[in-house]
Protein chains: 2
Amino acid sequence: MDPAPKRMSTEARRRQLLAFGREHFAQHGFEAMPMDAIAEHAGVSKGLLYHYFGDQRGFYMETVRGVTDEVIATIEPPSDQAFEDAFRTMVTRFVQYVQTHRAIYRALVRGGLGSDTEVNALLDRVRVTSMERILERLGVGEPSSLSRIAIYGWVSLVENSCAEWTEADGVSPDELVELFTSAFQPILEVLN
Amino acid sequence: MDPAPKRMSTEARRRQLLAFGREHFAQHGFEAMPMDAIAEHAGVSKGLLYHYFGDQRGFYMETVRGVTDEVIATIEPPSDQAFEDAFRTMVTRFVQYVQTHRAIYRALVRGGLGSDTEVNALLDRVRVTSMERILERLGVGEPSSLSRIAIYGWVSLVENSCAEWTEADGVSPDELVELFTSAFQPILEVLN
DNA sequence: ACAAGCTATTGACGATTCGTCAACAAAAAA
DNA sequence: TTTTTTGTTGACGAATCGTCAATAGCTTGT
């Protein structure tokens, strides 16, 4: 695939492998594919993957974490806006992220890494972070059980609607943002 | 575990193995567990599992299908009610199902069989069936892309809220039904 | 009661994949 | 050049999948 220098610095090699992993998973999903084959496509030996990432799960984890961290950074709500505006900014940025990173996002939520408990925890971290940021901006200290369930549900709605969106045609980002915003109103009624 | 008769009729053995599988997955989730070990716990040989279900995926599939078919049958909306009532009946029955089958339901949506494309298709069948029934009752023939996305999102909200609910305390079924009903109103605005 | 036939059931087997590790080789240091 | 460091490899053992000929329990016929 690449000229693939025979020997690279630890950091450079690591970045290269993670970049390849991201691209690979975006195209092929996280379906079971032997580490041998992945390594071959990446132009290195299987042993090298294990050397850098410990085990298969480790490679998946680091790749996924790269994406989830990116998402979390993207939807950081601006601190100089009132709630309604900050909320809309978060949602808008999220939708834009999905639009810009269609393939990898779909692989993330549809590619089926739910099987792995640890990897799934990374996905849940995005959801929980979103929840906490919203609750914090609303000044809700200790949300009730119902509040948590309601917000979690809304976040899931956003997540899965976006996943479907990546396979649909003719729906603009604005329409999605509008949908998510209006869907949040009944949730707001319930919070604490 | 059981007295485990040495030889059973094909149908009886099949039912017994599926019942065991359901119980096993409810308790342990669908985490990777060797077929050898599963067979041992079930009191049969590994070969027998393969004989009845073809392969590992086949065993998972049949077990999951048992549950998904049950869910689909449960939320069949009554045909003699107006939409609002039929809708509420569907949601209520669904919530009751989750309450009654906590363990297996959580395993279903959290146990991580998303990894497998085919098994995931079974889960999606529940969502799609729900969507179609609602759309049909509303008299929506060919839903727009946005409509599909919106309803799919709402179904995901219900699904994931319920999954969280199985791990939470102090939230009544009625509160959930109320939440889901109010969360549906903005969706209704968008449909076609 | 016994033999013969049917079929539910088994466990050993080859194939595939995971993860390890001692050996190798390319760059840097002396 | 020689030595040292360390990025890299491929062969290996362990674990698991899925197969299949052999086995053993039930049924039928006499």
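Below, chain A is the first sequence line, B the second, and so on; all start at residue 1.
A/Tyr60 has its OH atom 12 Å from the C1' atom of C/dT17, to the nearest Å. In this structure, CG of A/Leu49 is placed 13 Å from P of D/dG10, rounded to the nearest angstrom. B/Glu40 places its CD atom 14 Å from the C1' atom of C/dT10, with the value rounded to the nearest Å. A straight line from CG of B/Leu48 to C1' of D/dT23 spans 14 Å, rounded to a whole angstrom. Distance B/Arg14 CZ to C/dT9 P: 12 Å, rounded to the nearest Å. If you take CZ of B/Arg7 and C1' of C/dA8, they are 4 Å apart, rounded to a whole angstrom.
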Would you list the protein and nucleotides 18-21 of chain D atom pairs, both N or O, that sit under 3.5 Å from each other?
residue, atom, partner, partner atom, Å
D/dG18, OP2, B/Tyr50, OH, 3.2
D/dG18, OP2, B/Gln56, N, 3.1
D/dG18, N7, B/Lys46, NZ, 3.3
D/dG18, O6, B/Lys46, NZ, 2.3

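Looking at B/Val158 and B/Arg127, their side chains never come closer than 4.5 Å, going by heavy atoms from C-beta outward.
When the options A/Glu62, A/Arg57, A/Gln56 are evaluated for a side-chain contact (heavy atoms from CB on, under 4.5 Å) with A/Tyr60, the one that passes is A/Gln56.
Aromatic ring pairs are classed by plane angle as parallel below 30°, tilted from 30° to 60° and perpendicular above 60°; the pair B/Phe87 and B/Phe83 is tilted.
The ring pair (Phe, Tyr, Trp, His ring centres under 6.0 Å) test applied to A/Tyr152 returns no partner, not counting sequence neighbours.
Nearest to the side chain of B/Ser45, among D/dT16, C/dA27, C/dT9, sits C/dT9. For B/Lys6, whose side chain is taken as the heavy atoms from C-beta onward, the closest listed nucleotide among D/dG25, D/dC17, D/dG10 is D/dG25.
A donor N or O paired with an acceptor N or O is not found under 3.5 Å between the base of C/dT9 and the side-chain atoms of B/Arg13.
The side chain of B/Thr10 places an N or O atom within less than 4.0 Å of a non-bridging phosphate oxygen (OP1 or OP2) of C/dA8. Within the 4.0 Å cut-off from OP1 or OP2 of C/dT9, at least one side-chain nitrogen or oxygen of B/Tyr52 is found.
With rounding to the nearest 0.5 angstrom, the CD1 atom of A/Ile151 is 11.5 Å from the OG atom of A/Ser156.
Using a 4.0 Å cut-off between charged nitrogen and carboxylate oxygen, B/Asp69 and B/Arg125 count as a salt-bridge pair. Comment: B/Glu76 engages B/Arg133 in a salt bridge, judged by a side-chain N to carboxylate O separation of less than 4.0 angstrom.
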